[in-house]
Novice: 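Below is one structure. I have some questions about it.
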Amino acid sequence: MKDTPPSSSSQHPDNADMPVPTPARPGDAGARHASAGDGRSAPAQAAERRPGAEGPDAEHAAASPRVPLWVLALSTTLGMQTVASFLDQSLPVIAPLLTAGAGLSPERVGNLSSLNSLGTVLFLLFGAPLLARLGPVRMLQAGALLAVFGLGLAATGYWPLLIVGAILMGIGYGPSPPAGSRILAATAPPRHRTLIFSIKQAGAPAGAACAGLILAPAAAAWGWEGAMLISMAIGIAAACVIAPARERLDTERDPQRAIHVKALIHPRAFATPYRVLRAAPSLLTVSALAFSFAIVQGSLFSFSVTYLVTARGMPLATAGIAYACMQFAGVFARIFLGWLADRTGRPAYNLTIQAFIAAALVAAYALLPASPSLTLAGLAAGAAGFFAASWNGIYLAEIARLSPPEKIVEATSASVLISFLGYFVGPSLFSLLVTLTGDYQTPFFVVAIQLALMAALQLTVLRRRARTHT
């Protein structure tokens, strides 16, 4: 019985159809271990020897080329990241109506967002055995269905069930980062790793943008209950659609891994993130910057619609469009900035510069006038989203690059846990500041300033490290 999930660097049975540069670097997450003979791994050879692989069916399969594994992996993880984000952002998008229906003040959406992030933290702490036992695709399916169940509880509008539903939605989102990283680290061509991780992470703002475009008008027309029913239907459909991908992507499962309560909730789980990050100080600095980014992004995503509706006097449907502009800008930014990081070869420096720009644009977003035009609100939201909501792919690729191949899942879970603590802290801090100050400008300024300070610290560390290695 293994104590850690199987290595995500071992060759997948279908990796023969994936373009791979040679030679692979030892530290690459996509490094592959070829077996003797024809150069393919033992799992790949065993797959060809399985019953039913001969005869007319085999000839037909040969005549119908399968989708390259890395394409299947990227499409699966991108699609489920989009759906997970769509479900996760359902509550913030309809927050003005939801909080009013539940008899709550508008800023309480920040507390719901923090509870949602707490659920994700719980999965990152205790979910590794489930991921190892069931496989990443099965866990993505389970996460989507659990989020749907959480939405169902939240749809009652009853405050105690809203709390439970928000936590369950966060747990449902939890498998997306480690499962996606595990799949892509085993399949992505190493020379394009950062770009592919960034494309996958582009699903997060894409899903949130779709939530803004679909759910805000739906809630305005049919009430927030109708909007949540749409979200639930999308989550169930997505879990069904990816089922066929499990055959090719869940081949490194550990069926013997224990998943009873004692194995899941173990004191070792609390020490693992500290142990992993302590062993690699470079992971700790990147994770600290991600924590700071998460405070900003969590606050932007949780409060943008509420800010535009309650503090700037925009209609809900129009605010939803501006929110979608923020998210769509993040989609393009994640892909472009991921490509740029690959081109420059200095992703940590790129991320640090991006943090300075994001801090300035978030502060500018807080200065929108009352009743702004859709054009102005969309431009301000889009600019903030371009830089403040596009760091995730570069960050995850950097974690995969800095981690030993056999520790990618553990390192990703540990580091993402740190970043999700930012998502947990940010919205609650923002909500408290709104309550204390009575406005939204001060909270936006505070989260922007802390990001700028963390970026300055990160830049100092990078320069010191560069001098040490010269």
Side-chain angles (χ1 to χ4, degrees), residues 79-102 104 106-110 112-113 115-117 119 143-157 161-162 165-166 168-170 172-173 176 202-239 297-310 312 314-331 374 377-378 381-382 385 389 427:
M80 290 309 293
Q81 181 66 66
T82 302
V83 171
S85 180
F86 184 94
L87 298 174
D88 197 55
Q89 292 300 308
S90 296
L91 296 186
V93 167
I94 62 174
L97 297 182
L98 176 62
T99 52
L104 305 170
E107 63 267 23
R108 292 285 80 82
V109 66
L112 291 177
S113 295
L115 290 170
N116 183 287
S117 298
L145 295 177
L146 186 60
V148 166
F149 181 65
L151 274 171
L153 294 180
T156 63
L161 291 183
L162 266 172
L168 290 180
M169 290 171 65
Y173 185 89
S176 297
C210 291
L213 291 176
I214 296 172
L215 298 183
W222 306 313
W224 51 269
E225 299 93 341
M228 295 177 83
L229 286 176
I230 294 175
S231 292
M232 294 167 66
I234 290 174
I236 293 171
Q297 182 176 319
S299 300
L300 270 178
F301 286 7
S302 298
F303 286 94
S304 278
V305 174
T306 300
Y307 161 63
L308 294 174
V309 171
T310 63
R312 293 298 176 261
M314 295 181 70
L316 177 59
T318 308
I321 295 174
Y323 179 78
C325 291
M326 173 185 291
Q327 300 294 347
F328 276 128
V331 173
L374 176 58

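Quick caveat, the model's predicted, so the values are computed rather than measured. Numbering starts at 1 and runs along the sequence shown.
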Novice: Could you state the interatomic distance from CE (Met314) to CD1 (Ile321), rounded to the nearest 0.5 Å?
Specialist: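 Between atom CE of Met314 and atom CD1 of Ile321 there are 8.0 Å.
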Novice: Would you confirm whether Ser90, through its side chain, and Leu87, through its main-chain N or O, come within 3.5 Å as a donor-acceptor pair?
Specialist: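 At least one qualifying donor-acceptor pair exists.
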Novice: Kindly give the heavy-atom pair with the smallest separation between Val148 and Gly235, and that separation in Å.
Specialist: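 Reported closest heavy-atom pair: CG2-CA, 3.8 Å.
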Novice: For a 4.5 angstrom cut-off between non-hydrogen side-chain atoms, does Tyr323 reach Val93?
Specialist: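 Yes. Closest side-chain heavy atoms under 4.5 Å.
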Novice: Does the Thr306 side chain pair with the main chain of Phe303, one donor and one acceptor, at a distance under 3.5 Å?
Specialist: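 No, because the side chain of Thr306 does not come within donor-acceptor range (under 3.5 Å) of the backbone of Phe303.
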Novice: Nearest 0.5 Å, what's the CG-CG distance between Asp88 and Asn116?
Specialist: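 The CG atom of Asn116 is 4.0 Å from CG of Asp88, to the nearest 0.5 Å.
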Novice: Give me the atom names and distance for the closest heavy-atom approach of Thr99 to Pro106.
Specialist: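 Here Thr99 and Pro106 meet closest at OG1-CA, 3.8 Å.
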Novice: Check for a donor-acceptor pair, side chain of Ser85 on one end and backbone N or O of Gln81 on the other, with a separation under 3.5 Å.
Specialist: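 Between the backbone of Gln81 and the side chain of Ser85 there is no qualifying donor-acceptor contact (under 3.5 Å).
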Novice: Ala154 and Leu98: which non-hydrogen atoms are nearest, and at how many Å?
Specialist: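 That closest heavy-atom pairing would be O-CD1, 4.4 Å.
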Novice: Does the side chain of Phe301 come within less than 4.5 Å of Pro92's, by heavy atoms?
Specialist: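 Result no, sub-4.5 Å side-chain heavy-atom pair not found.
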Novice: Identify each donor-acceptor pair in which a side-chain atom of residues 205-224 lies under 3.5 Å from a protein atom, sequence neighbours left out, and give them as a table.
Specialist:
none

Novice: Quick one: closest heavy-atom pair of Gly298 and Ser302, and the distance?
Specialist: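 Minimum heavy-atom separation between Gly298 and Ser302: O-OG, 2.7 Å.
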Novice: What is the minimum heavy-atom distance between Ala322 and Ala381, and which atoms define it?
Specialist: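 So the two residues come closest at O-CB, 3.5 Å.
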Novice: Taking all heavy atoms of Val305 and all of Leu316, pick out the closest pair and write down the distance.
Specialist: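 Between these two residues, the closest heavy atoms are CG1-CD1, 3.7 Å.
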Novice: Can you measure from OG1 (Thr82) to CE (Met80) and round to the nearest 0.5 angstrom?
Specialist: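 Those atoms lie 9.5 Å apart.
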Novice: Between CG of Leu112 and CG of Leu91, what distance do you get to the nearest 0.5 Å?
Specialist: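 The CG atom of Leu91 is 6.5 Å from CG of Leu112, to the nearest 0.5 Å.
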Novice: Answer whether the closest heavy-atom distance between the side chains of Met169 and Leu151 falls below 4.5 Å.
Specialist: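 SC-SC contact between Met169 and Leu151 confirmed.
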